[in-house]
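Accompanying notes for the structure given below.
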2 protein chains.
Amino acid sequence: MSHTSGVRQAQKQKTRQALLDAALGLLEEQSLSSLGLREVTRAVGVAPTAFYRHFRSTADLGVALVEEALGSLHPMIRTTMAPAEDDDERIGRAVELIARHVAAHPAHVRFVARERHGGVQPVRRAIREQLARFAEEVKAELAEDASAAGWSEADLRMLAGLYVDQMLITASLFLETLDAPEEERRRAVETARRQLRLIGVGRAHWLD
Amino acid sequence: MSHTSGVRQAQKQKTRQALLDAALGLLEEQSLSSLGLREVTRAVGVAPTAFYRHFRSTADLGVALVEEALGSLHPMIRTTMAPAEDDDERIGRAVELIARHVAAHPAHVRFVARERHGGVQPVRRAIREQLARFAEEVKAELAEDASAAGWSEADLRMLAGLYVDQMLITASLFLETLDAPEEERRRAVETARRQLRLIGVGRAHWLD
DNA sequence: CAAGTCAGTGAACAACTGTAACCACAACCG
DNA sequence: CGGTTGTGGTTACAGTTGTTCACTGACTTG
């Protein structure tokens with residue numbers, strides 16, 4: 001037990017992070033369900049048995065990766081959903097934000113997209129829980145918006161879910177076009193903007 | 001080579017189908033990238049080396065599964081997108097159709113959802129190609145619709161892609177709630193209907 | 001400073017993997 | 001009918017896997 005600091009704890013965290021990083025790298029070309037514990041330790045340069053000091057199994061490591069990939073993303077919801085003068089400006093900002101995030105953390109995005117429906121149940125559940133939290137937060141933001149007057153609880157939830165799914169689709173699309181020619185990337189951005197705009201139009205005329 | 005029929009060819013197809021079926025079953029609890037060739041042959045009850053008579057590798061088998069899961073689905077596009085008197089009736093019919101398909105072929109749906117972003121590149125590409133075909137077909141249907149007057153090519157493509165993605169999201173949602181209590185399943189159907197309706201509203205007011 | 005804690009090591013295990021070479025025998029074709 | 005074709009079976013190999021156990025030695029604590 002003891003306290004949270006100290007050279008000992010720091011070294012342990014460092015190794016743990018090295019395992020997470022190595023796993024994330026290896027997962028670019030395979031799924032978690034085929035990731036071997038030895039494979040990870042080999043990539044780090046540590047004995048296979050050291051793995052157990054940090055994770056019970058590769059599934060356990062996967063859950064930790066979900067936390068790392070999505071856990072720190074919640075604060076971004078407020079700023080993304082924050083109202084702007086122009087609706088198109090908000091859309092442009094959101095798309096830009098997603099593009100930037102994908103470019104900065106491609107491995108994390110790939111991991112989430114891949115394991116959301118992947119073969120490891122605990123990881124699927126962890127992702128589902130995080131996305132449900134996102135939807136909840138988006139819903140809360142939507143409820144504060146002026147145009148939400150008269151919207152039922154179920155409608156708000158539906159729209160929030162639609163937005164979250166759309167964010168993932170967009171992120172995944174950007175990921176696929178990461179090292180594609182400039183022109184294709186611009187088309188992807190344009191498609192994402194249009195889709196969000198169409199949802200926005202539907203939202204504006206929902207109560208007709 | 002020789003001709004396509006005969007007792008010989010029939011038996012081979014039978015074994016091949018058994019391999020596909022066994023693989024599909026095993027893939028309910030893991031991803032393709034962790035599926036072993038021996039695992040599949042063991043489930044069928046044939047020798048490991050017999051696998052090579054039908055597939056070069058498990059990735060090759062995966063591509064065949066994509067064909068099996070999505071190849072025969074194209075004719076359904078026309079009937080699903082076909083216009084109806086009521087817009088809500090069309091939506092209800094489409095959702096009903098998806099629900100029925102998921103209930104009839106849950107393993108196929110799970111496979112596609114899982115491997116769309118999975119760790120096996122040839123399979124990802126095969127799925128992407130099939131989905132692109134779907135989008136193309138949906139776009140063709142949309143273009144024939146009366147309400148498509150004034151829509152640009154890019155807008156039609158965008159909307160078609162949105163519909164295809166939404167179909168997958170809906171199918172995946174239904175899959176998750178397959179063995180959930182009746183009430184949760186009804187909520188899932190209701191959510192799917194609402195989301196399609198919102199897209200429909202956006203579509204109706206797109207040219208404002 | 002002595003005692004204890006614990007991250008990481010090394011060897012060993014049984015079980016598993018993909019693949020190669022060779023064989024058997026039923027269906028096919030001339 | 002007799003020779004050829006080719007699906008599937010058998011045996012074997014070299015690597016890999018997850019997990020166990022006892023261990024070391026640097027850090028922490030009283």
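Reminder, nothing fancy here: chain letters follow the sequence lines and each chain counts from 1. Atoms considered below: every heavy atom in the structure, side chains included; atoms not considered: hydrogens, waters and symmetry mates.
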Using whole Å, what does the distance between atom [atom2] of nucleotide [N] and atom [atom1] of [X] come to?
{"X": "A:Phe51", "N": "C:dG10", "atom1": "CZ", "atom2": "P", "answer": "19 Å"}
{"X": "B:Arg53", "N": "C:dA20", "atom1": "CZ", "atom2": "P", "answer": "13 Å"}
{"X": "A:Arg8", "N": "C:dG4", "atom1": "CZ", "atom2": "C1'", "answer": "10 Å"}
{"X": "B:Lys12", "N": "D:dT5", "atom1": "NZ", "atom2": "C1'", "answer": "12 Å"}
{"X": "A:Gln9", "N": "C:dC6", "atom1": "CD", "atom2": "P", "answer": "9 Å"}
{"X": "A:Gln11", "N": "C:dT5", "atom1": "CD", "atom2": "C1'", "answer": "16 Å"}
{"X": "A:His54", "N": "C:dA7", "atom1": "NE2", "atom2": "P", "answer": "7 Å"}

Between [X] and [Y], does at least one N-O distance fall below 4.0 Å, as a salt bridge requires?
{"X": "A:Asp155", "Y": "B:Arg197", "result": "no"}
{"X": "A:Glu137", "Y": "A:Arg78", "result": "no"}
{"X": "A:Lys139", "Y": "A:Glu136", "result": "yes"}
{"X": "B:Glu182", "Y": "B:Arg186", "result": "no"}
{"X": "A:Glu115", "Y": "A:Arg124", "result": "no"}

For [X], all residues meeting side chain to side chain contact (heavy atoms under 4.5 Å, CB included), sequence neighbours excluded:
{"X": "A:Ala59", "result": "A:Ser57, A:Val120"}
{"X": "B:Asp179", "result": "none"}
{"X": "B:Thr49", "result": "B:Ala47"}
{"X": "A:Arg16", "result": "A:Gln13, A:Leu20, A:His54, A:Phe55, A:Ala64"}

Give, ordered by number, those residues of residues 17-30 of chain B having at least one heavy-atom distance below 4.0 Å to an atom of DNA chain D; if nothing qualifies, reply none.
->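 By residue number: none to list.
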Let me have a per-nucleotide readout for nucleotides 10-20 of chain D, 5' to 3', with B, S or -, counting only protein heavy atoms under 4.0 Å.
-> B-B----SBBB
May I ask you to evaluate whether B:Thr15 reaches the phosphate of D:dG8, defined as a side-chain N or O under 4.0 Å from OP1 or OP2?
->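 Indeed, a polar side-chain atom of B:Thr15 lies that close.
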